[in-house]
Amino acid sequence: MALTAVKGFNDILPDESGRWQYIEETARQVFELNGFGEIRVPIMEKTELFCRSIGDATDIVEKEMYTFTDKGENSVTLRPEGTAGVMRAFIEHKLYAQDPIAKLYYMGPMFRYERPQKGRYRQFHQIGAEITGVNDPLADAQVLNMLTTFFHEIGLTEPTLQINSLGCPECRPAYRATLRSFLEERMGQLCEDCKRRFATNPLRTLDCKVPGCISATAGAPSVLEHLCSGCDDHFSSVRRYLDLSSTTYSINSRMVRGLDYYTRTTFEMVTGLLGSQSAVAAGGRYDGLISQLGGPTIPGIGFAMGLERIALLLGTKDFASQPDLFIATMGEGERDIAFCLMDGLIKSGVRVEMDYEGKSLKSQMRRADKLKARYSVVIGGNELLSGSASFKRMSDGLLTETVLTVAGIKALVGI
RNA sequence: GUGGCUGUGGUGAAGCGGUUAACACGUGCGACUGUGACUCGCAUAUUCGAGGGUUCGAUACCCUCCAGCCACCCCA
């Protein structure tokens, strides 16, 4: 058996990479318009970083990380998400000393040891963005608008924005206690998973899919009604800003987060087209994270989106670019001329292909067609003598006589 | 991690104990010593995910492993 890739790790082949580049370029464009700058951080960090940021008791840290001991006996981990590393860099380089307000974005592979499924792999890719240093809900709204704009720009209308507020260390514990006592009275109706969640993360019972749990929690107290006045004002302002900019969203008070660091505003872009992999992008505010990691008390908000899932939503549309010209040749001498012509044209920005193996004219023309070249030209003895040739527009076969010079050909193909 | 389904060429697939392992697409070459797309011809799996076992015989049956998919769990 030939060697194969590691389970859950995929190759992105040339016919798909065009789509990926399109997603990445669109994100860069939209993010930079919003004033974000790219930060590139390592794909591996000390294990402790993730334990302290994501949370020791979360599923990600407990069972999904690629953690191992390196040759220097340090416990290191392949990043399961991007925010922790970005914030570590923000603190380590004291970026806040220059300006506490940083707007950063990143893209790259993340690693989680999960059972692979479509749209969910062990190495997957995220594009994320973070704003630090802004308490004002304006930042929340800008991030949400940026996300919405991004999806609009890549041509996807399907994922819809859902928002919620998780409160803060002031009000969340009280809500959690209220919810617990509500659940306690209905313990009998809950599924086994939810009985477990009752202890570990009671909020999770709110988005359980088991019918019994759905009816049992139907009248559960809503987080939004238990926010402290600060969180409540914040959330109202976020909504007001979204309304001001005509951003459409829905409120989902049952939306929960898998990472412990989130506070106040949380959100997801969800789709019904990817089965159980419905979240295409998600994020929220994390006001306590930076200080928790040993930095100053600076708030933050951000999100990450899953490239594999976005690529899936974009479908099989072809993003590959086609050659402008294919040069077919009749003999050895003509190949020399064609080669120099190709070289000159490429250097001046025309995408040119030619035959590599001295094949028959029939084969060369077939290849020109297969590569979807816009124009083709045959160079043989006649052309060598006259110094000009008939260029064929492949879409309709129209022939145009043009001199065999870089300038002449450029003018013809319109580059 | 749990449960289930699947695994035949580059792709989509038929075959379900003994076949030259269909068919379609794709790919290559040719039908015309100088022009692609349509048409036609030829070629293209010593082999049926891997390894064992049952059998006179296994792509087909059994076991193990590997991989993919679906749901759960969880999440982007």
Side-chain angles (χ1 to χ4, degrees), chain A residues 1-10 13 15 54 58-64 79-83 107-128 147 159 191-194 196-197 200-201 204 207-210 255-259 267-271 274-284 302-313 326-331 334 355 357 359-384 389-397 399:
Chain A
M1 185 59 171
L3 280 173
T4 56
V6 174
K7 178 174 178 163
F9 286 61
N10 300 123
L13 273 10
D15 26 331
I54 298 170
T58 58
D59 281 17
I60 294 177
V61 171
E62 275 188 346
K63 43 195 200 201
E64 295 176 359
R79 39 132 94 147
E81 61 102 39
T83 302
M107 49 182 74
M110 307 292 161
F111 306 85
R112 253 119 101 159
Y113 193 89
E114 296 182 277
R115 185 90 160 244
Q117 236 172 283
K118 182 179 292 190
R120 180 221 265 195
Y121 306 101
R122 291 184 174 178
Q123 174 177 320
F124 60 102
H125 298 77
Q126 290 190 334
I127 300 180
L147 195 54
C191 69
E192 286 311 305
D193 281 329
C194 283
R196 195 196 74 231
R197 288 170 181 139
T200 58
N201 191 350
R204 279 241 167 264
D207 69 352
C208 182
K209 291 164 197 86
V210 177
M255 186 170 73
V256 213
R257 292 279 69 152
L259 287 67
F267 51 89
E268 285 181 4
M269 294 291 300
V270 297
T271 174
L274 296 178
S276 54
Q277 266 62 53
S278 61
V280 182
F303 64 82
M305 45 200 195
L307 262 78
E308 281 80 0
R309 293 178 186 182
I310 295 171
L312 239 30
L313 290 175
F326 186 94
I327 306 177
T329 55
M330 300 299 296
E334 290 85 347
D355 168 56
E357 298 168 276
K359 294 206 173 162
S360 70
L361 185 60
K362 175 83 168 180
S363 295
Q364 296 186 58
M365 289 306 292
R366 276 187 181 157
R367 185 161 175 79
D369 188 54
K370 189 171 83 173
L371 295 174
K372 297 190 172 74
R374 289 171 49 234
Y375 285 86
S376 70
V377 65
V378 177
I379 299 181
N382 302 341
E383 287 76 14
L384 250 47
S390 283
F391 285 74
K392 182 188 243 186
R393 193 205 279 158
M394 297 298 276
S395 57
D396 58 3
L399 292 168

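Letters A, B, ... mirror the listed sequences (proteins, then strands); counts begin at 1. Note that these values count all heavy atoms, side chains included, but never hydrogens, waters or copies made by symmetry.
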Look at all strands and tell whether [X] reaches a base, only sugar-phosphate, or nothing, counting heavy atoms closer than 4.0 Å.
X	answer
A/Glu81	nothing
A/Leu259	sugar-phosphate
A/Glu383	base
A/Ser360	sugar-phosphate
A/Ala282	sugar-phosphate
A/Val280	sugar-phosphate
A/Gly381	base
A/Arg112	base

Practice item. Verify side-chain contact (heavy atoms from CB on, under 4.5 Å) between A/Gln117 and A/Gln277, making sure each step is shown before the conclusion. Key: CA-CA 9 Å; A/Gln117 236 172 283; A/Gln277 266 62 53; 3.6 Å; yes
Exercise for review: Establish whether the base of B/G36 is bridged to the side chain of A/Lys392 by a donor-acceptor pair shorter than 3.5 Å.
Suggested key: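 In this structure, the two groups form a donor-acceptor pair.
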Review point. On a plain distance test, is the side chain of A/Arg366 in donor-acceptor contact with the base of B/G30 below 3.5 Å?
Key: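 Indeed there is one.
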Review point. OP1 or OP2 of B/C74 less than 4.0 angstrom from a side-chain nitrogen or oxygen of A/Lys63, does that happen here?
Key: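 For B/C74, OP1/OP2 do not have a side-chain N/O of A/Lys63 under 4.0 Å.
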Practice item. Give a yes/no answer on whether the side chain of A/Arg196 brings an N or O atom under 4.0 Å of OP1 or OP2 in B/C74. Key: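 For B/C74, OP1/OP2 do have a side-chain N/O of A/Arg196 under 4.0 Å.
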For [Y], does its backbone N or O pair with a side-chain atom of [X] as donor and acceptor, under 3.5 Å?
X	Y	answer
A/Glu308	A/His125	yes
A/Arg309	A/Gly119	yes
A/Glu334	A/Gly381	yes
A/Arg79	A/Pro109	yes

If I take atom [atom1] in residue [X] and atom [atom2] in nucleotide [N], what distance separates them, rounded to the nearest angstrom?
X	N	atom1	atom2	answer
A/Asn382	B/U35	CG	P	12 Å
A/Asp207	B/C74	CG	P	8 Å
A/Gln364	B/C29	CD	C1'	14 Å
A/Leu361	B/A37	CG	P	12 Å
A/Glu334	B/U35	CD	C1'	15 Å
A/Lys362	B/C29	NZ	C1'	11 Å
A/Met365	B/U35	CE	C1'	4 Å
A/Asp355	B/C29	CG	C1'	14 Å

For the [atom1] atoms, the ones on [N] and on [M], what distance do you get once it is rounded to whole angstrom?
N	M	atom1	value
B/C38	B/G51	C1'	49 Å
B/A21	B/G17	C1'	15 Å
B/G7	B/C65	C1'	14 Å
B/U6	B/C61	P	11 Å
B/C69	B/U27	C1'	28 Å
B/A67	B/G49	P	16 Å
B/G10	B/G28	P	16 Å
B/A60	B/A24	P	26 Å

Of all residues at least two apart in sequence or in a different chain, which pass the side chain to side chain contact (heavy atoms under 4.5 Å, CB included) check with [X]?
X	answer
A/Lys118	A/Tyr121, A/Leu312
A/Glu114	A/Glu64, A/Arg112, A/Arg120
A/Glu383	A/Ile379, A/Ala389, A/Leu404

Does [X] have any side chain to side chain donor-acceptor pair (under 3.5 Å) partners at least two apart in sequence or in another chain, and if so, which?
X	value
A/Arg374	A/Asp324
A/Arg257	A/Glu268
A/Arg393	A/Asp396
A/Ser390	A/Glu401

Check your understanding: Does A/Arg122 make a cation-pi contact with A/Tyr113 (under 6.0 Å, within 45 degrees of the axis)?
Key ->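 A/Arg122 over A/Tyr113 ring: yes.
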Listed pairs, N/O of protein and of nucleotides 43-45 of chain B, under 3.5 Å:
none

Practice item. Mind jotting down which residue pairs meet the side chain to side chain donor-acceptor pair (under 3.5 Å) criterion with at least one end in residues 360-371 of chain A? Sequence neighbours excluded, please. Key: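 Applying side chain to side chain donor-acceptor pair (under 3.5 Å) to every pair that reaches into residues 360-371 of chain A, excluding sequence neighbours, yields A/Ser360-A/Ser363.
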**Study point:** Footprint string (nucleotides 67-72 of chain B, 5' to 3'): B base within contact, S backbone only, - free, heavy atoms under 4.0 Å
**Key:** SSSBBB
**Study point:** OG1-CG distance between A/Thr58 and A/Leu259, expressed to the nearest 0.5 angstrom
**Key:**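 A/Thr58 atom OG1 to A/Leu259 atom CG measures 6.5 Å (nearest 0.5 Å).
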Check your understanding: Going from SG on A/Cys191 to NZ on A/Lys209, what distance comes out if it is rounded to the nearest 0.5 angstrom?
Key ->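 Rounded to the nearest 0.5 Å, the SG-NZ separation comes to 10.5 Å.
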Check your understanding: Between A/Ile60 and A/Glu81, does a side-chain contact (heavy atoms from CB on, under 4.5 Å) hold up when you go through it step by step?
Key -> CA-CA 10 Å; A/Ile60 294 177; A/Glu81 61 102 39; 5.8 Å; no
Review point. Of the nucleotides B/G30, B/A76, B/U35, which one has an atom closest to the side chain of A/Gln126?
Key: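 Of B/G30, B/A76, B/U35, B/A76 is nearest to the side chain of A/Gln126.
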Review point. Among B/G36, B/C29, B/A76, which nucleotide sits nearest the side chain of A/Ala279?
Key: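 Nucleotide nearest to A/Ala279's side chain: B/A76.
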Check your understanding: Of A/Ile379 and A/Arg122, whose nearest nucleotide on RNA chain B comes first from the 5' end?
Key ->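 Of the two residues, A/Ile379 wins.
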**Study point:** RNA chain B-proximal residues of residues 368-376 of chain A, any heavy atom under 4.0 Å
**Key:**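 Contacting residues: A/Asp369, A/Lys370.
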Exercise for review: Using a 3.5 Å limit on both pairing distances, list the dot-bracket string of RNA chain B from the 5' end; Watson-Crick and G-U wobble pairs count, crossing pairs take [ ], interstrand pairs take |.
Suggested key: ((((((((.[[[..)..(....]]]((((((.......))))))....[[[[[..)....]]]]])))))))....
